[in-house]
Amino acid sequence: MDDDVAAFAVARALYPALGFGDFTYVVASGNLAGAASMVAVFAPGGLGVRESIQLALLQVVIPAAIAVVVVVFTRLWGITMDLLFFGIA
């Protein structure tokens, strides 16, 4: 959920026309993509599945180029947080 809130912040910073009314949609698209990636047992860590679904959903409210940046950011943000928590543990 945290990376989905960050995704909204990044999307809003890159595309100011994105309204706060789209907050729920952006967060839900990340959550739905994450859930689908867990079901896709053929992809390690849901790699590619999460990004594809999130990209498709985000293109409804933001331009494709910005959606790609947001999707890559959320994946890198998630990896960074995983590494941070691994380092703390």
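Heavy atoms only: backbone and side chains are in, while hydrogens, waters and symmetry mates are out.
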Can you list every pair that meets ring-ring contact (aromatic ring centres under 6.0 Å, His included) and has a residue in residues 43-80, with sequence neighbours left out? F73-W77
Taking the side chain as C-beta and beyond, is there a heavy-atom pair between Q54 and T74 under 4.5 Å? yes
Are any non-hydrogen side-chain atoms of V70 and Y15 less than 4.5 angstrom apart? no
So does [Y] get a backbone contact from the side chain of [X], meaning a donor-acceptor N/O pair under 3.5 Å?
X	Y	value
E51	G48	yes
Y25	V60	no
R50	A33	no

Value rounded to 0.5 Å, distance of [atom1] in [X] from [atom2] in [Y]:
X	Y	atom1	atom2	answer
L84	I79	CG	CD1	13.5 Å
D4	N31	CG	CG	4.5 Å
L83	I88	CG	CD1	11.5 Å
I53	L58	CD1	CG	12.0 Å

So, for [X] and [Y], which heavy atoms are closest and what is the spacing to 0.1 Å?
X	Y	value
A64	Q59	CB-NE2, 3.7 Å
I66	L14	CD1-O, 3.7 Å
A40	V49	CB-CG2, 3.8 Å

[Y] reachable from [X] in the ILVMFWY side-chain graph, under 4.5 Å edges:
X	Y	value
F20	V61	yes
V5	L18	yes
V71	M38	no

Determine the interplanar angle of the F23 and F8 rings, folded into 0 to 90°, and report it as parallel if under 30°, tilted if 30 to 60°, perpendicular if over 60°. perpendicular
Do the charged groups of R75 and D82 touch, with an N to O distance under 4.0 Å? no
